[in-house]
Amino acid sequence: MFLFNYRYRLKCIFKDRQMMFWTFLFPILLAILFNLAFSNLSSSDNFLKVNVAVVENAELDQNPAFTEALDGADDLFVVKYTTRAEADALLADNQIDGYIVFDPALNLVVNQSGLNQTIIRGFLDDFVQSSATITTIITANHAALHNGIIAGITSRSEYLKAVSASQSSPDSVVNYFYALIAMTCLYGGFLGVKEVVAIQADLSDVGARINLAPTNKLTVFLSSILAAATVQLLELIMLLAFLIGVLGISFGNQIGYIALTCVVGSLTGVTFGTCLGSIIKKGEGLKIGILIGSTMIMSFLAGMMSADIKYIVMTKAPILGYLNPANLITDSFYALYYYNTHTQFFTDILLLCGFTLFFSSVTYFVLRRQKYASL
Amino acid sequence: MQVYKALFKVIQKNRTLLMIYLVVFMVLALLLSGSYNPPQDTDFTKVKVNIAFINDDGDSQLVAGLKTYLAENANLVDIPDETQKLQDALFFRQVEYIVRVPDGFTQAMLNGEAVQLEKTTVPDSTSNIYMDLLINKYLNTVNAYTTNMPGLSQDDLTKYLAKDLAQQTEVTMISNGTHSVYAEKSGYYFNYLSYSLFAILILGVCSVMLVFNDTDLKRRNLCAPIRSANMNFQMILGNLSFAILTWLVLISASFIMYGSFMFTTTGLLLLLNSFVFTLAALSISYLIGNLVKSRGAMSAVANVFALGSSFIGGVFVPQALLGDNVLTIASFTPTYWYVKANNEIAAATSFNATNLQSIFTSMVLVLAFGVAVLGVTLVLIKQRRVEA
């Protein structure tokens with residue numbers, strides 16, 4: 001009976017085209033859209049050389065040290081020497097971020113405040129400040145002039161050493177895809193609702209027929225749930241393969257733990273559905289509505305619409321994060337990708353197991369020993 | 001006007017479904033355009049990068065001076081010195097740069113030994129380059145003093161540093177004319193509007209068409225003592241009124257939020273643009289309504305269309321951040337042209353022939369989409385009637 005029911009439930013689920021769309025095609029579609037929309041997001045704060053113009057005039061010619069310093073900063077700027085009128089035109093056209101003019105003091109002309117403009121200004125400040133330093137030193141110590149102070153100031157030492165935060169790059173875009181997987185796991189709840197409806201005699205004709213059969217309801221239900229979990233896991237693995245293989249999203253390289261997260265996530269999703277399906281006594285529409293609504297709220301809090309939300313929850317209300325299955329699934333993938341230790345990952349997985357257990361027990365206690373006076 | 005009334009009765013029955021998208025839009029629009037504050041372009045202000053400053057060295061005047069200097073040029077964010085907390089902050093861009101002063105730094109620096117601070121950054125980012133510039137500047141100046149004025153006390157050193165580094169260059173700001181605070185915000189608002197408008201129109205029109213295209217009901221209607229032209233006219237009028245009603249509801253919040261700004265040229269152009277888009281969206285919804293067979297398929301198609309075109313058309317992610325090939329695909333949707341026109345309207349400080357031409361070209365294209373799709377739909381309906 002167990003295998004018989006299992007086989008037929010699999011067939012029922014696979015033939016339900018609408019179900020397959022929402023639990024399988026919809027997440028893949030969203031993944032494609034995320035990828036199209038976010039692929040340039042992480043490279044958008046990459047540094048591109050700042051375009052800057054310098055107005056050529058008599059005052060500039062009197063400051064060869066400045067021209068020299070600017071030439072030395074060719075890793076920062078793309079410099080164009082031009083006339084003032086031309087510089088104004090370039091600025092109005094947004095071809096340059098700003099232009100430098102000796103008028104007669106050093107002056108920067110920009111049309112907006114931005115990081116690039118701030119960098120130009122930082123460079124100019126640097127030049128003015130170095131002159132001040134040289135003056136101060138020479139006033140106090142005349143000998144310095146002969147000891148090559150000017151050469152000493154223009155030759156810079158590097159005082160910074162890069163230390164990476166983790167073995168993976170801090171690319172916040174991956175979090176959108178992790179949250180998407182969490183949403184897919186909870187959409188497995190659709191399958192859970194479907195199985196509950198199919199086994200409850202007051203909700204469907206199939207349920208009434210099954211209740212007549214001389215078999216243990218728990219056995220039948222367990223095999224139904226197993227069928228739902230199988231489909232869900234299959235869909236999840238295909239989504240994961242699509243994300244990694246086609247879209248090239250990085251998940252770190254701990255395949256075993258990733259698979260574990262998928263299995264636990266699928267079970268949480270399916271039991272979440274059975275739990276909702278058994279508690280809510282009203283029609284199937286309401287069940288699905290509540291399922292979608294709660295999944296969306298949980299995915300939102302896990303950072304599916306904006307990664308910042310996850311950080312705000314993490315720092316301001318960590319409890320909310322731990323009570324949210326979608327966030328736990330997202331966080332497991334995040335911890336595997338980014339953290340050096342596994343403490344956070346195992347905390348998440350244990351809590352997810354706890355949720356699965358809780359959802360299953362609720363389902364069990366609601367569904368058991370139901371008798372119907374009439375149908 | 002029985003047909004017209006029946007049409008609105010069907011929509012009435014589906015109001016919960018439609019309300020969901022209305023509420024989603026209102027929340028999105030309020031959250032996202034409300035929290036966004038465009039910079040005011042009247043005076044030059046330094047952009048301050050968020051950084052974390054961690055000191056493993058003892059409290060010295062040198063380190064305190066560096067910290068003060070950084071506090072003037074960047075925002076120091078307080079993050080507890082724990083690996084995961086720092087990792088999180090960097091990942092979610094709470095800070096873009098973490099600098100750590102190693103133990104014994106002050107002493108080594110004063111003795112002129114080679115020593116380095118540890119930085120943890122978003123690799124290759126602009127903020128990384130800028131912070132490097134600032135910190136190296138400070139420490140190189142320290143080095144200049146310690147090598148050229150040996151025996152300088154820390155007290156004097158920090159005083160000299162503070163004096164030198166207070167020097168600033170003049171910045172002149174050329175203003176491109178006044179730009180209302182509301183221009184950019186309302187641009188966002190109208191961009192988000194396209195998502196809900198599309199979803200609501202598809203769902204509303206589809207639920208009506210599903211009822212009227214039901215074979216039995218259609219046969220019954222065809223033998224009613226009412227001219228088919230009259231019936232079609234009422235259907236068109238009904239769909240049009242529904243679309244205009246939806247548009248009115250969606251734009252109403254803009255009047256509450258932006259007030260009289262909506263009556264300036266910018267505001268009126270935004271309204272006109274969204275109205276043109278409404279017509280195109282209605283035409284597409286009408287086509288979908290004639291193709292879709294079940295309510296399940298209806299919500300699937302509505303989501304795919306509304307979400308899909310919004311994602312690639314630049315509603316959720318600005319067009320400037322989308323790749324070229326994505327934009328090429330998107331240019332086959334009216335959403336792309338609608339958002340493009342919106343952005344141009346919102347960005348313009350004054351309207352001249354050049355930008356008006358570009359804006360109206362987009363609007364005409366959106367309208368052309370609508371007409372083309374309507375044509376396809378009419379051919380389809382005609383063919384269906386012949387088959388039936």
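Throughout, protein chains are lettered first and strands after them, A, B, ... in sequence-line order, and every chain is numbered starting at 1.
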S.K.: Please look at B:Ala89 and chain A and tell me whether the side chain, the backbone, both or neither of the residue comes under 4.5 angstrom of a heavy atom of that chain.
M.R.: both

S.K.: Heavy atoms only, distances under 4.5 angstrom: which of A:Asp126, A:Val128, A:Leu106 has the most pairs with chain B? Name it, please.
M.R.: A:Asp126

S.K.: Please flag which part of A:Leu115 lies under 4.5 Å from any non-hydrogen atom of chain B: side chain, backbone, both or neither.
M.R.: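 For A:Leu115, heavy atoms of backbone and side chain both lie under 4.5 Å from chain B.
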
S.K.: Using a 3.5 Å distance criterion without hydrogens, assess whether the side chain of B:Arg100 forms a donor-acceptor pair with backbone atoms of B:Ile98.
M.R.: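 Checking the backbone N and O of B:Ile98 against the side chain of B:Arg100, no donor-acceptor pair under 3.5 Å is found.
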
S.K.: Where on B:Lys48 is there a heavy atom nearer than 4.5 Å to chain A: the side chain, the backbone, both, or neither?
M.R.: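 Contact with chain A involves no heavy atom of B:Lys48 at all.
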
S.K.: Is A:Met314 close to chain B through its backbone or its side chain, or both, or neither, when contacts mean heavy atoms under 4.5 Å?
M.R.: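 Side chain only.
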
S.K.: Which one wins on heavy-atom pair count under 4.5 Å against chain A: B:Tyr145, B:Tyr160, B:Tyr138?
M.R.: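 Of the options given, most contacts go to B:Tyr145.
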
S.K.: If we define contacts as heavy-atom pairs under 4.5 Å, which of A:Leu48, A:Asp308, A:Asn340, A:Leu25 has the most with chain B?
M.R.: A:Asn340

S.K.: Between chain A and each of B:Gly308, B:Ala330, B:Pro318, count heavy-atom pairs under 4.5 Å; write down the option with the most.
M.R.: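 Among the listed options, the one with the most contacts to chain A is B:Gly308.
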
S.K.: So what's closer than 4.5 Å to chain B heavy atoms on A:Ala105: side chain, backbone, both or neither?
M.R.: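 For A:Ala105, no heavy atom lies under 4.5 Å from chain B.
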
S.K.: Tell me which of these, B:Ile312, B:Leu90, B:Thr83, B:Ile329, has more heavy-atom pairs under 4.5 Å with chain A than the rest.
M.R.: B:Leu90

S.K.: Does B:Asn128 reach the main-chain N or O of B:Met131 with its side chain, forming a donor-acceptor pair under 3.5 Å?
M.R.: no

S.K.: What's the shortest heavy-atom distance between B:Val115 and B:Ala108, and which atoms?
M.R.: CB-CB, 4.0 Å

S.K.: What part of B:Tyr97 gets closer than 4.5 Å to chain A, counting heavy atoms only: side chain, backbone, both or neither?
M.R.: side chain

S.K.: Should A:Tyr159 and B:Asp132 count as side-chain neighbours, where that means a heavy-atom distance under 4.5 Å?
M.R.: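 A side-chain contact is absent here, since even the closest heavy-atom pair is not under 4.5 Å.
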
S.K.: Taking the six-membered ring where the residue is Trp, are the ring centres of A:Tyr311 and B:Phe91 under 6.0 Å apart?
M.R.: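 No, they do not, as the ring centres are separated by 6.0 Å or more.
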
S.K.: Given a strict heavy-atom distance threshold of 4.5 Å, which part of A:Asp75 is in contact with chain B: side chain, backbone, both, or neither?
M.R.: neither

S.K.: When you measure from the side chain of A:Tyr338 to the backbone of A:Ala165, do you find a donor-acceptor pair of N or O atoms at a distance under 3.5 Å?
M.R.: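 No.
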
S.K.: Checking heavy atoms, do the side chain of B:Ser310, its backbone, both or neither come under 4.5 Å from chain A?
M.R.: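 Contact with chain A is absent: no heavy atom of B:Ser310 under 4.5 Å.
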
S.K.: So does A:Asp125 pair up with B:Lys137, basic N to acidic O under 4.0 Å?
M.R.: no

S.K.: So which of B:Val122, B:Ile135, B:Leu161, B:Leu86 has the biggest tally of heavy-atom pairs under 4.5 Å with chain A?
M.R.: B:Ile135

S.K.: Establish, for the pair A:Lys310 and A:Tyr334, whether the NZ or CZ atom is under 6.0 angstrom from the six-membered ring centre and no further than 45 degrees off its axis.
M.R.: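 Yes; both conditions hold, so A:Lys310 lies above the ring face of A:Tyr334.
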
S.K.: Less than 4.5 Å apart, side chain to side chain, heavy atoms only: is that true for B:Val326 and B:Phe311?
M.R.: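 B:Val326 vs B:Phe311: side chains apart.
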
S.K.: Quick check: are there more than 12 heavy atoms from other residues, nucleotides or ligands sitting under 6.0 Å from CG of A:Asp74?
M.R.: yes

S.K.: Sort A:Val50 into side chain, backbone, both or neither according to what part of it lies under 4.5 angstrom from a heavy atom of chain B.
M.R.: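 When you check distances to chain B, no heavy atom of A:Val50 falls under 4.5 Å.
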
S.K.: Heavy-atom cut-off 4.5 Å, strictly under: side chain, backbone, both or neither for A:Leu76 against chain B?
M.R.: side chain

S.K.: Side chain of B:Asn148, backbone of B:Ala144: donor and acceptor closer than 3.5 Å?
M.R.: yes

S.K.: Look at B:Glu118, B:Gln84, B:Gln94, B:Met109 and state which one has the largest set of heavy-atom pairs under 4.5 Å with chain A.
M.R.: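 Winner by heavy-atom pair count: B:Gln84.
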
S.K.: Got B:Leu133 and B:Ile129 here, is their nearest side-chain heavy-atom distance under 4.5 Å?
M.R.: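 The answer is no; the side chains never approach within 4.5 Å.
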
S.K.: Are any non-hydrogen side-chain atoms of B:Leu327 and B:Gln319 less than 4.5 angstrom apart?
M.R.: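 The answer is yes, as the side chains (C-beta and beyond) meet within the 4.5 Å cut-off.
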
S.K.: Please classify the contact of B:Leu134 with chain A as side chain, backbone, both or neither, using a heavy-atom distance under 4.5 Å.
M.R.: neither

S.K.: So for A:Ser164, is it side chain, backbone, both, or neither that comes closer than 4.5 Å to the heavy atoms of chain B?
M.R.: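 The backbone, not the side chain.
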
S.K.: With only heavy atoms counted, which part of A:Leu30 is less than 4.5 Å from chain B, the side chain, the backbone, both or neither?
M.R.: side chain

S.K.: Which residue out of A:Phe21, A:Phe127, A:Phe34, A:Phe38 racks up the most heavy-atom pairs below 4.5 Å with chain B?
M.R.: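 Option with the greatest count: A:Phe21.
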
S.K.: Do the side chains of A:Phe26 and B:Asn303 get nearer than 4.5 Å, heavy atoms only?
M.R.: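 Touching, per the 4.5 Å side-chain cut-off.
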
S.K.: Counting heavy-atom pairs closer than 4.5 Å to chain A, which one of B:Val317, B:Asn325, B:Leu139 comes out on top?
M.R.: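 Most pairs with chain A among the choices: B:Leu139.
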
S.K.: Out of A:Met296, A:Arg121, A:Gln18, which one racks up the most heavy-atom pairs below 4.5 Å with chain B?
M.R.: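 Winner by heavy-atom pair count: A:Arg121.
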
S.K.: Check whether B:Leu307 gets within reach of chain A through its side chain, its backbone, both or neither, counting any heavy atom under 4.5 Å.
M.R.: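 The answer is both parts of B:Leu307.
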
S.K.: Name the option with the most non-hydrogen atom pairs under 4.5 Å to chain B; the candidates are A:Val174, A:Leu124, A:Thr315, A:Leu33.
M.R.: A:Leu33

S.K.: Would you indicate whether the side-chain heavy atoms of B:Thr141 and B:Asn143 approach each other to under 4.5 Å?
M.R.: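 Of all side-chain heavy-atom pairs linking B:Thr141 with B:Asn143, none is under 4.5 Å.
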
S.K.: Does any backbone or side-chain atom of B:Ile79 lie under 4.5 Å from a heavy atom of chain A? Answer side chain, backbone, both or neither.
M.R.: side chain

